[in-house]
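Chain letters run A, B, ... following the sequence lines, proteins first, then strands; residues in each count from 1. Please read these numbers as outputs of a predicted model, since none were measured by experiment. FYI, side chains are in, hydrogens and waters are out, and symmetry mates aren't considered; it's all heavy atoms of this structure.
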There are 2 protein chains.
Amino acid sequence: MVTKQFNGSPEDADLRRADSLAREIFSDVANKWAFLIIEALGERTLRFTELRDEIEGISHKMLTQNLRMLERNGLVERRVHPTVPPRVEYTLTESGQGLRATVDAMCGWTQRYLSHIEAARRRFDA
Amino acid sequence: MVTKQFNGSPEDADLRRADSLAREIFSDVANKWAFLIIEALGERTLRFTELRDEIEGISHKMLTQNLRMLERNGLVERRVHPTVPPRVEYTLTESGQGLRATVDAMCGWTQRYLSHIEAARRRFDA
DNA sequence: CTGTATCCCTTCTGATACTG
DNA sequence: CAGTATCAGAAGGGATACAG
């Protein structure tokens with residue numbers, strides 16, 4: 001997709017727009033924190049604080065920022081309970097679950113090739 | 001994986017090291033340019049310039065930088081032909097092909113939910 | 001052709017403080 | 001508890017020049 005070539009003809013305009021949007025989505029989503037959030041929300045709904053505790057090393061700011069982005073793209077649903085103190089829950093939507101499958105696949109890949117990669121690094125660094 | 005919790009016991013040390021490495025790999029690879037490079041190298045070996053032409057918008061610098069990273073992690077093999085001018089070819093290794101499968105899946109996901117996402121954005125931005 | 005190095009601007013990120 | 005705003009340092013990224 002993202003590497004498709006165009007010839008400049010008028011009928012390419014739609015394809016070009018779709019491609020540019022796909023690129024944009026790709027750039028939004030293909031980032032470490034987004035993946036980790038999707039992974040964490042895999043099975044269950046979580047509150048803001050629970051998410052932050054679950055994802056080691058994420059800052060308050062990065063978490064809100066990425067949650068907004070995921071919400072904007074319709075991957076995550078944000079439910080606010082009008083209580084005090086507030087209670088906000090995040091859940092993966094259908095499309096979020098769809099992406100989760102590929103994130104899971106990537107986690108599996110990481111596990112499978114862990115030692116392989118470690119070895120490659122040692123070789124390279126020498 | 002990456003969201004696993006530890007209890008601090010000594011026997012957790014190995015798990016913790018593996019997890020930290022997995023995290024590191026995740027951070028390296030879960031980035032836009034790396035994905036686009038892997039996607040471009042999907043079927044065939046490509047030269048440096050061919051890659052740059054294939055991936056719209058990538059700069060000389062980002063391409064070398066990401067190729068080095070992918071090579072270091074053993075996802076891409078770099079073959080130099082000692083000719084003049086030089087000819088350098090990049091190919092996906094076995095582990096690279098493994099990751100490619102998940103990148104492909106993500107491209108498929110993007111296509112499938114393109115209009116869905118576009119709609120979600122319009123809703124959110126209002 | 002491929003690759004490294006440099007300059008310079010932009011974006012990212014974490015820490016902190018402050019609101020409802 | 002959840003979220004926003006701000007600041008400063010780090011990293012990302014483009015352009016250019018130069019070497020093998």
Side-chain angles (χ1 to χ4, degrees), chain A residues 2-3 20 23-37 40-41 44-73 76-92 124-125, chain B residues 2-3 20 23-38 40-41 44-73 75-92 124-125:
Chain A
V2 267
T3 53
S20 136
R23 264 296 182 121
E24 212 180 293
I25 295 168
F26 214 76
S27 301
D28 266 11
V29 165
N31 100 55
K32 173 188 166 186
W33 294 129
F35 278 15
L36 291 176
I37 291 172
L41 287 178
R44 57 201 187 295
T45 293
L46 288 176
R47 300 180 58 176
F48 185 86
T49 312
E50 292 171 332
L51 263 172
R52 201 191 39 194
D53 293 345
E54 190 93 2
I55 303 172
E56 188 177 316
I58 197 168
S59 70
H60 190 128
K61 185 180 174 180
M62 284 303 99
L63 184 54
T64 13
Q65 210 165 91
N66 279 277
L67 281 172
R68 288 299 156 278
M69 180 275 287
L70 292 172
E71 190 193 356
R72 180 171 119 89
N73 287 306
V76 158
E77 191 195 332
R78 176 171 179 268
R79 222 163 341 202
V80 183
H81 297 79
T83 58
V84 47
R87 175 188 191 84
V88 183
E89 294 180 330
Y90 294 93
T91 317
L92 247 39
F124 186 92
D125 293 342
Chain B
V2 267
T3 53
S20 136
R23 267 295 184 121
E24 212 179 296
I25 295 168
F26 215 75
S27 302
D28 265 12
V29 165
N31 101 55
K32 173 187 167 185
W33 294 128
F35 278 16
L36 291 175
I37 291 172
I38 288 168
L41 287 178
R44 56 201 187 295
T45 293
L46 289 176
R47 301 179 57 175
F48 184 87
T49 312
E50 291 171 332
L51 264 172
R52 200 191 39 195
D53 293 345
E54 190 93 1
I55 303 172
E56 190 179 314
I58 197 169
S59 70
H60 190 127
K61 184 182 174 180
M62 283 304 99
L63 184 54
T64 15
Q65 207 165 93
N66 279 277
L67 281 172
R68 287 300 156 277
M69 179 275 287
L70 292 172
E71 190 194 354
R72 180 170 118 90
N73 287 306
L75 277 71
V76 158
E77 191 195 332
R78 177 170 178 268
R79 221 164 342 204
V80 184
H81 296 80
T83 58
V84 46
R87 175 189 190 84
V88 182
E89 295 181 330
Y90 294 92
T91 316
L92 247 39
F124 185 93
D125 294 341

Across the strands shown, which category fits B:Arg52 at heavy-atom distances under 4.0 angstrom: base, sugar-phosphate, nothing?
->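 Nothing: the residue B:Arg52, judged by heavy atoms under 4.0 Å, touches no strand.
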In plain terms, say whether B:Arg44 and B:Glu54 are close enough for a salt bridge, that is, a side-chain N and a carboxylate O under 4.0 Å apart.
->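 Salt bridge present between B:Arg44 and B:Glu54.
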Evaluation steps, side chain to side chain contact (heavy atoms under 4.5 Å, CB included), between B:Val76 and B:Leu92 | CA-CA 5 Å; B:Val76 158; B:Leu92 247 39; 3.9 Å; yes
Considering just the side-chain nitrogens and oxygens of A:Arg47, establish if one lies under 4.0 Å of OP1 or OP2 belonging to D:dC1.
->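 It does not, given that no N or O in the side chain of A:Arg47 lies less than 4.0 Å from OP1 or OP2 of D:dC1.
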Residues in side chain to side chain contact (heavy atoms under 4.5 Å, CB included) with A:Glu89, at least two apart?
->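 Here the qualifying residues are A:Thr45, A:Arg47, A:His81, A:Arg87.
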Just how far, in rounded Å, is [atom2] of [N] from [atom1] of [X]?
X	N	atom1	atom2	result
B:Leu63	C:dC1	CG	P	14 Å
A:Met69	C:dC12	CE	P	11 Å
A:Glu89	D:dG3	CD	P	12 Å
B:Arg68	C:dA5	CZ	P	11 Å

Check the angle between the aromatic planes of A:Phe48 and A:His60 and answer parallel, tilted or perpendicular using the 30° and 60° thresholds.
->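 Rings of A:Phe48 and A:His60: tilted, as their planes differ by 30° to 60°.
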Which of residues 75-83 of chain B have a heavy atom under 4.0 Å from DNA chain D?
->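 Those residues whose heavy atoms fall under 4.0 Å from DNA chain D, taken from residues 75-83 of chain B, amount to none.
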Work out which heavy atom in A:Phe26 is nearest to a heavy atom in B:Lys32; give both atom names and the distance.
->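 Closest approach of A:Phe26 to B:Lys32, heavy atoms only: CE2-O, 4.5 Å.
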In B/S/- notation (B base, S sugar-phosphate only, - none; protein heavy atoms under 4.0 Å), nucleotides 10-20 of chain D written 5' to 3' is ---BBB----B
Would you sort out whether A:Thr91 and A:Arg79 count as a side chain to side chain contact (heavy atoms under 4.5 Å, CB included), showing the intermediate values?
-> CA-CA 8 Å; A:Thr91 317; A:Arg79 222 163 341 202; 3.3 Å; yes
For the side chain of B:Tyr90, counting heavy atoms from C-beta on, which of D:dG3, C:dC1, C:dG3 is nearest?
->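 The answer is C:dG3, which lies nearest to the side chain.
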So among B:Leu63, B:Thr64, B:Leu46, which one has a side-chain contact (heavy atoms from CB on, under 4.5 Å) with B:Arg52?
->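 Option passing the side-chain contact (heavy atoms from CB on, under 4.5 Å) with B:Arg52: B:Leu63.
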Are any non-hydrogen side-chain atoms of B:Leu36 and B:Asn66 less than 4.5 angstrom apart?
->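 The answer is no, as the side chains (C-beta and beyond) never meet within the 4.5 Å cut-off.
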